[in-house]
Amino acid sequence: MTTNEIFPIDLTKYTKLSFSLDKNNLTKDELSALKSNIKLIRAAIVLATGISTAKGTGGHTGGAFDVVPEYEIIRAFQRQNEVIHKEVFEDSGHRAIVHYVMAALDGCIDYEALLTYRQYKSRLHGHLEKGFLPCINQTTGRLGAAWGIVNGKAIANCDKKFMVFSTDGAMLEGSNAEAARVARAQNLATKIFIDDNNTTICAKPSDYMKGYDIYQTLKGHGINANICDGEDYQGLYCAVRDAINSDGPYALVIRRPMAPGLDNLEGTLSIHDSIGKGEAITYLRSREFNKAAEYLETVEKNTSSFKNMKTTSLLLSEKPSYPRKEFGKYITKFLDNLAEEQRKNYLLVDNDLIYSSSSEIFADKYPQNTVRGGPQERGNWLLASGFGTVSGHQAFYTTFSAFLEMIISEIVMGNLIDSNVLAFFSHAGVDGISDNNTHFAPNIFYADIKLQQVERNLNLYFPADDLQMEAVLERVINECGLRFVFSTRAESYRILKQDNTPYFSKENGYKFVLGKDEMLMDGTDGYIVTYGSMVYRVIQAVEILKAGGIRLGVVNKPHLNIVDEEMLKIIGTSPSVIVVEDQGRATGLGSKMGTILLERGFSPKFLSLGITKEGIGGQHEQIINQGLDPDGIAESIKKMFKY
């Protein structure tokens, strides 16, 4: 994305520092220049993420703000010492903006590009992604991946020393423990700089992980380690120099509150995410970046391009809602209706993403029934599975759908031990995903690991709106086996009848039935099978097609991995079947539906529409990019009919 605007912070005031590894301390002038650079870079981060907040795409300020001092010191060492690999590797996706600012300072991207952080087609995604910018040659995917990857690079480039930024949250991931042991065993020159700010997304590790100490843990793995104050720049300089000069692997645990000096936000959980527009303006003005503050005042929120058109059959609510917010509300209400003795049989295990599903309501009301496990998806799943093996017990498990791919082996184990777990995975698909490909979740069917002839229950559900979400949860909460319930990150619209009453309302007599597909609309030219937030888009696509003489019905399939033989016969004997989903075309429902139809002797015209492309930034634009907005769906179906 290009812009004719001028970046309203004068980054030409940046001083390129260069330090020798033999230099014991910074001079007064060097320390002054370092402080000036830190102030300038932190202001640029506040502005860029403040703009992203104002536009509605978030952006994560705190972690990026934190690591500026050590990043600047490392860059100064890199400029004068060939032994240091020229790239700084990132273990936390939420610090992408600091890397973009450094790229701008190095002339790799225009300063003005920073104004478009996280925006549609900007290429400055919420996580670093290789291939989108010429100066970014790494991808920060799941937490805890970088150290292990860099170990491999260190073996391939044994004459270089490698710099890796990590966090207290990332160090909780089991993959970092494995990477530490390998680095020590192979004596690899990987230097790990850990921003130990005692803050993850939803809580403080000192509260939910009592007894855990990063420094002591790394020492236990055999890693040489040190601790320093991240805001004592002279001391930090010496500690970074010692880390780089050391032989083999080394870890520097850098302690500071999150976003130090960022006014009343310092040390708060909220600043892990993006700074608010007003707070960013206040910060910039107080540091005399007045042009930046004035620019930010003019920034307005982006709006979705979705138009709630009138339809002649089913209607859509005027205002959207968030199906993912229903999970925490429902399990809280469920426990409210139990006797105190019965409540002991239920446990919520959260992976530091509790606010995404409103599960903080449950955690606050029933702390004795909650394990805030932090970002430890594998261990947390096994914990939930173990609890769910006890007779009469049910575990709840919450995280993002992208992280389902991290626990496939553990899901298999939970199934083998006959565990009872109701797992809620939000942020499925690509709908409204800000962090682009690294947070896409197009492979939720990976969870369907059940063998066909085994009787254990393992079921996948994807409700169409918030009311159906409640109906599904009510039906499956006390079922046996593993149950996976999914929702998108994005808002969705309620499905309404012609009288404007909710289709999936209990008051309207709706009841979710296991294994049954739902005929929402009949059609003469075939049927679209869909689920989740694609339902409301398909309803509109059907209306667009109707105007052109193509009349298709709509089948909602909220129970994803069970075949409804009666409905299959109806759609299989129709002229055409189209599957529309916000999942990967290679692994989603569409990849299975053709086989299911053929096995039963049905051969309608068949089309599968799903995720086929890489992301391009933004939020609501991701669906449009995949051709899964109502117009895109209609256009693909017209081609099928050669219309």
Side-chain angles (χ1 to χ4, degrees), residues 1-17 32-65 67-69 71-72 75 95-129 132-136 259 261-263 265 271 274-303 434 436 616-619 621:
M1 178 181 284
T2 59
T3 175
N4 294 322
E5 297 173 296
I6 303 298
F7 193 71
I9 293 176
D10 186 1
L11 295 180
T12 64
K13 292 182 178 179
Y14 174 77
T15 301
K16 281 195 174 183
L17 297 169
S32 177
L34 176 62
K35 289 179 178 179
S36 179
N37 282 355
I38 292 168
K39 179 181 177 182
L40 190 69
I41 295 166
R42 282 179 165 172
I45 290 169
V46 168
L47 174 60
T49 55
I51 290 169
S52 190
T53 301
K55 290 184 176 180
T57 52
H60 299 289
T61 305
F65 189 96
V67 301
V68 173
Y71 204 159
E72 263 300 280
R75 280 159 56 84
R95 294 192 298 222
I97 186 59
V98 71
H99 296 273
Y100 298 141
V101 173
M102 298 304 190
L105 293 171
D106 288 343
C108 295
I109 60 174
D110 295 337
Y111 298 151
E112 287 69 35
L114 300 173
L115 300 173
T116 67
Y117 171 55
R118 257 191 171 195
Q119 302 305 302
Y120 176 55
K121 289 187 176 179
S122 74
R123 307 179 78 83
L124 276 69
H125 303 308
H127 283 213
L128 300 178
E129 285 192 51
F132 283 93
L133 294 173
C135 49
I136 300 297
L262 191 51
D263 304 334
L265 294 173
I271 197 55
S274 190
I275 188 170
K277 178 178 176 179
E279 291 160 326
I281 290 170
T282 299
Y283 177 88
L284 293 167
R285 286 202 185 283
S286 68
R287 274 73 175 177
E288 298 183 344
F289 294 101
N290 293 319
K291 287 184 179 179
E294 290 167 7
Y295 178 90
L296 186 49
E297 285 174 338
T298 68
V299 177
E300 296 181 355
K301 187 173 183 178
N302 292 337
T303 56
S434 300
N436 216 51
I616 50 172
Q619 287 185 330
E621 297 93 345

Colleague: Ile281 vs Glu297, test: side-chain contact (heavy atoms from CB on, under 4.5 Å). Steps then yes/no.
Modeller: CA-CA 7 Å; Ile281 290 170; Glu297 285 174 338; 3.4 Å; yes
Colleague: Between atom CD of Gln119 and atom CG of Leu124, what is the distance when rounded to the nearest 0.5 Å?
Modeller: 10.0 Å
Colleague: Please enumerate all residues that pass side chain to side chain donor-acceptor pair (under 3.5 Å) together with Tyr117, with sequence neighbours excluded.
Modeller: none
Colleague: Tell me whether the count of non-hydrogen atoms from other residues, nucleotides or ligands lying under 6.0 Å of CD in Glu288 goes above 12.
Modeller: no
Colleague: Not counting sequence neighbours, list each pair that qualifies as a salt bridge (charged side-chain N to carboxylate O under 4.0 Å, His left out) and has a residue in residues 50-60.
Modeller: none
Colleague: Mind checking the CG-CZ spacing from Leu284 to Arg42? Nearest 0.5 Å is all I need.
Modeller: 14.0 Å
Colleague: Applying side chain to side chain donor-acceptor pair (under 3.5 Å), can you list everything that pairs with Asn436, at least two apart in sequence or on another chain?
Modeller: His125, Glu129, Gln622
Colleague: Determine, stepwise, if the pair Ile41 / Leu105 fulfils side-chain contact (heavy atoms from CB on, under 4.5 Å).
Modeller: CA-CA 9 Å; Ile41 295 166; Leu105 293 171; 3.8 Å; yes
Colleague: If every non-hydrogen atom of Leu40 is compared with every non-hydrogen atom of Lys13, which pair is closest and at what distance?
Modeller: CD2-C, 4.1 Å
Colleague: Under the side-chain contact (heavy atoms from CB on, under 4.5 Å) rule, what do Val98 and Tyr71 come out as? Steps first, then yes or no, please.
Modeller: CA-CA 9 Å; Val98 71; Tyr71 204 159; 3.8 Å; yes
Colleague: Has Thr53 got a side-chain atom pairing as donor or acceptor with Ile275's backbone, closer than 3.5 angstrom?
Modeller: yes
Colleague: To the nearest 0.5 angstrom, please state how far the CZ atom of Phe7 sits from the OH atom of Tyr295.
Modeller: 9.0 Å
Colleague: Are the charged groups of Glu72 and Arg75 less than 4.0 angstrom apart, N to O?
Modeller: yes
Colleague: Does Arg123 make a cation-pi contact with Phe132, if we ask for NZ or CZ under 6.0 Å from the ring centre and within 45° of the axis?
Modeller: no
Colleague: Using only atom types and a distance under 3.5 Å, with no angle test, would you say the side chain of Thr15 pairs donor to acceptor with the backbone of Ala33?
Modeller: no
Colleague: With a 3.5 Å cut-off and no angle check, do the side chains of Thr57 and Ser434 form a donor-acceptor pair?
Modeller: no
Colleague: Find out whether Pro8 and Leu115 are in side-chain contact, i.e. whether some heavy atom of one side chain is under 4.5 Å from a heavy atom of the other.
Modeller: yes
Colleague: Please check this pair: side chain of Ser274 against backbone of Thr49, looking for a donor-acceptor N/O pair closer than 3.5 Å.
Modeller: yes
Colleague: Please find the pair of heavy atoms, one from Ile51 and one from Val299, that lie closest to each other, and give the distance.
Modeller: O-CG1, 4.0 Å
Colleague: What heavy-atom pair brings Ser52 and Arg118 nearest, and what distance separates the two atoms?
Modeller: OG-CB, 3.6 Å
Colleague: Measure the spacing between CZ of Phe65 and CD1 of Ile38 and express it to the nearest 0.5 Å.
Modeller: 10.0 Å
Colleague: Over all heavy atoms of both residues, which pair between Cys135 and Ile109 is shortest? Give the atoms and the distance, please.
Modeller: SG-CG2, 4.1 Å
Colleague: Is a side-chain N or O of Asp10 found less than 3.5 angstrom from the main chain of Thr12, in a donor-acceptor match?
Modeller: yes
Colleague: With rounding to the nearest 0.5 angstrom, report the OG1 to CZ distance, Thr61 to Arg95.
Modeller: 13.5 Å
Colleague: Stepwise, does the side chain to side chain donor-acceptor pair (under 3.5 Å) test hold for Asn302 with Gln619?
Modeller: CA-CA 10 Å; Asn302 292 337; Gln619 287 185 330; over 6 Å; no
Colleague: How many angstroms lie between CG in Leu296 and CZ in Phe289, if you round to the nearest 0.5 Å?
Modeller: 14.0 Å
Colleague: Checking Leu11 against Leu114 for the side-chain contact (heavy atoms from CB on, under 4.5 Å) test, could you report, in this order, the C-alpha distance in whole Å, the side-chain angles of both residues, the deciding distance, and whether it holds?
Modeller: CA-CA 11 Å; Leu11 295 180; Leu114 300 173; 4.2 Å; yes
